[in-house]
Amino acid sequence: MNAFAQDRMDTTGIAQIGDILQKSKGLSAEQVNLALQYQREHGVRFGDAIVAMGLARREEVVWALSQQFHYPYLPESERKLHPDLVLANQPFVEEVEAFRDLRSQLVMGVMGDADQRCALAITSSDQGDGKTFAAANLAIAFAQLPGRTLLIDANLRTPRLHQIFGVKATPGLSGVLAGHHEQQAISPIKQMPNLYLMAAGALAPNPAELLQQATFGFLLRELLEKFDHVLVDTPSYSVGSDARVIGVHCGAALIVGRKHASRMPRMQTLVTMLNKSKVKLAGVLVNEF
């Protein structure tokens with residue numbers, strides 16, 4: 001890239017950040033020009049000039065950059081989400097990079113086959129291992145990629161995702177599987193563009209039978225045509241056969257274990273069971289949160 005092209009790109013980027021800050025912070029054109037002058041005189045980046053002049057906080061400049069590069073996350077003043085959503089509430093802390101790294105591995109691995117696309121079941125051997133926590137944050141990580149991400153709460157026994165994301169519990173998956181053809185079973189997550197949630201729906205007396213039927217498989221295939229990434233939260237293996245059934249319908253599974261808590265024999269049993277069902281295993285995520 002020649003110097004003229006570089007200067008032109010930098011000027012365009014600065015103009016975009018300036019426009020965003022003018023709208024979000026109410027900066028005037030004169031203040032933006034003064035920041036540009038400060039930048040030239042001190043040889044610093046435009047965002048650093050804005051902060052040094054006290055025109056905006058660093059957090060607000062980072063948020064403006066995220067808008068410029070279409071990287072959705074909430075500004076600090078709007079982070080009033082459920083504390084489990086660490087990827088939205090604390091988007092730049094070192095610990096959450098694990099979710100982005102896992103996302104990359106999944107995209108290049110079990111979810112990267114364009115000819116045989118599959119959904120990803122997220123399960124665990126025991127209750128309390130953190131699979132719903134992992135599913136929610138991994139879904140946010142996928143939603144930061146181009147395209148649309150759908151998170152399905154297939155835990156028809158003790159669903160939590162509707163509470164975590166603050167949407168209605170019904171209508172949802174159980175109603176669709178029961179043949180009610182409920183409208184608006186999928187809810188957009190308004191704070192996070194590109195992310196959608198299908199809640200579990202009303203608690204049914206026969207969750208295993210609902211998930212076992214072919215309708216669930218047909219539904220997942222239909223949703224894979226409408227969404228770029230589909231993730232499915234499941235009950236733990238300790239409460240029944242749901243996890244295995246969901247994994248078979250999805251085609252791929254990620255197992256979550258909790259550090260110093262999960263019991264290795266039960267996890268090995270879950271891995272063996274999924275392997276026998278010919279489910280593609282993405283691996284085991286060790287939850288330290």
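As the structure is a computational prediction, the values presented were derived from the model and not from experiment.
- Between P188 and V167 there is no side-chain heavy-atom pair separated by less than 4.5 Å.
- Atom CD of Q184 has 12 or fewer heavy atoms from other residues, nucleotides or ligands within 6.0 Å.
- I255 is listed as a side-chain neighbour of T123, based on a closest heavy-atom distance under 4.5 Å.
- A distance of 10.0 Å separates CG of L210 from CG of D242, quoted to the nearest 0.5 Å.
- Shown here for R258 and G128, the closest heavy-atom pair between the two residues is NE-O, 2.7 Å.
- With a 4.5 Å cut-off on side-chain heavy atoms, L219 and I152 do not count as touching.
- Both cation-pi conditions hold for R148 and F227: the charged atom is under 6.0 angstrom from the six-membered ring centre and inside a 45 degree cone around its axis.
- A heavy-atom distance below 4.5 Å is not found between the side chains of Q144 and M192.
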Apply side chain to side chain donor-acceptor pair (under 3.5 Å) to R244 and S277, showing your working.
-> CA-CA 8 Å; R244 178 180 184 180; S277 302; 2.8 Å; yes
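- Between L36 and R40 there is a side-chain heavy-atom pair separated by less than 4.5 Å.
- Listed here is the closest heavy atom pair of I122 and K131: CG2-O, 3.8 Å.
- Contact check for L106 versus R103: no side-chain heavy atoms found under the 4.5 Å cut-off.
- Remark: Q213 CD is packed, more than 12 non-hydrogen atoms of other residues, nucleotides or ligands lying under 6.0 Å away.
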